[in-house]
Amino acid sequence: MNNQLHSILIGVKKYPTITKVAQACFVTQPYISRLLAQTEKHFNLKLVNRDAKPITLTYAGERMLTYLQKQDQMQQEMTEELSHLAQHKFGSVTLALNQPLSDRWLPKFLPAISAQYPQLHINIVELTTSLAEQQLPSGKIDIFIGKTIFNKRIICHELGNVKLLLLVPSTSKLYHSNQYYREITAADIQKLNSEPFISLGGESRFQEMVDHFLRDSGVTIENRIEAPNSQITTALAASGLGCTITTGQIIEQLHLTNADGINLLEIPADLLSLNFGISYRKSNATATVIREIVRQIQQTKLF
């Protein structure tokens, strides 16, 4: 009954008449009238103002709808957690990371986790933060290591902060042959106007952050190329196709040096930086395996 009543009360907020509510909920008008009458008699209060047009919820109706919505959410969280516990019974955890981090960070903490849970099957996937935000609440992944996520259904522990670098190729007007590494200046940022730029394509929280930084700085770039991950954007920038924003870790992974004809301009953290965290669903907070994996990663020096 609660599920049907939930739908009907939502319908009352959307539609002007009981007839319209009945059509939207795929039930008959007498059924709605009967269900409302039974519920109102049970609680000895009125849920719907049926005499006025459009019909509206009373204050009691609004409060009942709120509680039914909370009940629905708790039911969903219970289902997710029990499903998750059943997964762990068979020893499986899905761990997701931002693409540039996998080969650098996994060897630091995965051996200890494997030693602690030798029978545990760990499925590793690479995801953008945008996709992780979608897949964590739905249970498609269990743990995500990447850009900090803010979501009321997700717990996120900060791991650290990564400095960001503007990679400038020798083809750029910002390039200085005798200054491989320097801190970026306001004048450097303004010189990015109309500069060829290589960005991340698709849904990317990192690229959104970079775009905001450029817009807030009054910079309009020439978005020449979009690539699927930061390693590719960095490699293409180093080849002279345009500037890009990257990290020191990716520079090391690609073995780029001054000999490659690039400059690296460090961006102060107060202007732009990348905060990393470890995220998991609140409904998994009591799962022993999840708690231990999170603890192990938190104790590992990743930066």
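Every value quoted in this text rests on a predicted model; they were computed, and no experiment measured them. Along the sequence shown, the residues carry numbers beginning at 1. Heavy-atom basis, side chains included; hydrogens, waters and symmetry copies ignored.
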Has [X] got a side-chain atom pairing as donor or acceptor with [Y]'s backbone, closer than 3.5 angstrom?
{"X": "T244", "Y": "I198", "result": "yes"}
{"X": "S204", "Y": "L200", "result": "no"}
{"X": "S239", "Y": "L236", "result": "yes"}
{"X": "N275", "Y": "N161", "result": "no"}
{"X": "D188", "Y": "T185", "result": "yes"}
{"X": "S273", "Y": "V162", "result": "no"}
{"X": "S172", "Y": "L174", "result": "yes"}

Worked verdict on Q38 versus R34 for side-chain hydrogen bond (donor to acceptor under 3.5 Å, both in side chains): CA-CA 6 Å; Q38 289 172 352; R34 188 166 59 252; 5.8 Å; no

Gap between atom [atom2] of [Y] and atom [atom1] of [X] - 0.5 Å precision:
{"X": "I267", "Y": "T247", "atom1": "CD1", "atom2": "OG1", "answer": "11.0 Å"}
{"X": "I290", "Y": "I155", "atom1": "CD1", "atom2": "CD1", "answer": "11.0 Å"}
{"X": "N284", "Y": "R153", "atom1": "CG", "atom2": "CZ", "answer": "11.0 Å"}
{"X": "Q207", "Y": "S199", "atom1": "CD", "atom2": "OG", "answer": "4.0 Å"}
{"X": "R182", "Y": "L165", "atom1": "CZ", "atom2": "CG", "answer": "12.0 Å"}
{"X": "Q116", "Y": "E292", "atom1": "CD", "atom2": "CD", "answer": "5.0 Å"}

Side-chain touch N98/N229, heavy atoms, less than 4.5 angstrom: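 N98 does not reach N229 side chain to side chain.
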
Within-4.5 Å side-chain heavy-atom neighbours: I122 and L110: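 They are in side-chain contact.
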
Charged N-O contact under 4.0 Å between E266 and K163: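 Answer for the salt bridge query: yes.
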
Presence of salt bridge, E133 and K147, under 4.0 angstrom: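 Looking at E133 together with K147, the answer is no, because their closest N to O distance does not fall below 4.0 Å.
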
H157 and Y280 aromatic ring geometry - parallel, tilted or perpendicular at 30°/60° bounds: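 Tilted.
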
Cluster overlap V219 with Y175, hydrophobic side-chain contacts below 4.5 Å: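 In one cluster: yes.
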
ILVMFWY network linking V294 to L106, side-chain heavy atoms under 4.5 angstrom: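 In one cluster with V294: L106, yes.
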
Test salt bridge (charged side-chain N to carboxylate O under 4.0 Å, His left out) applied to K13 - qualifying residues, sequence neighbours left out: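 E62.
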
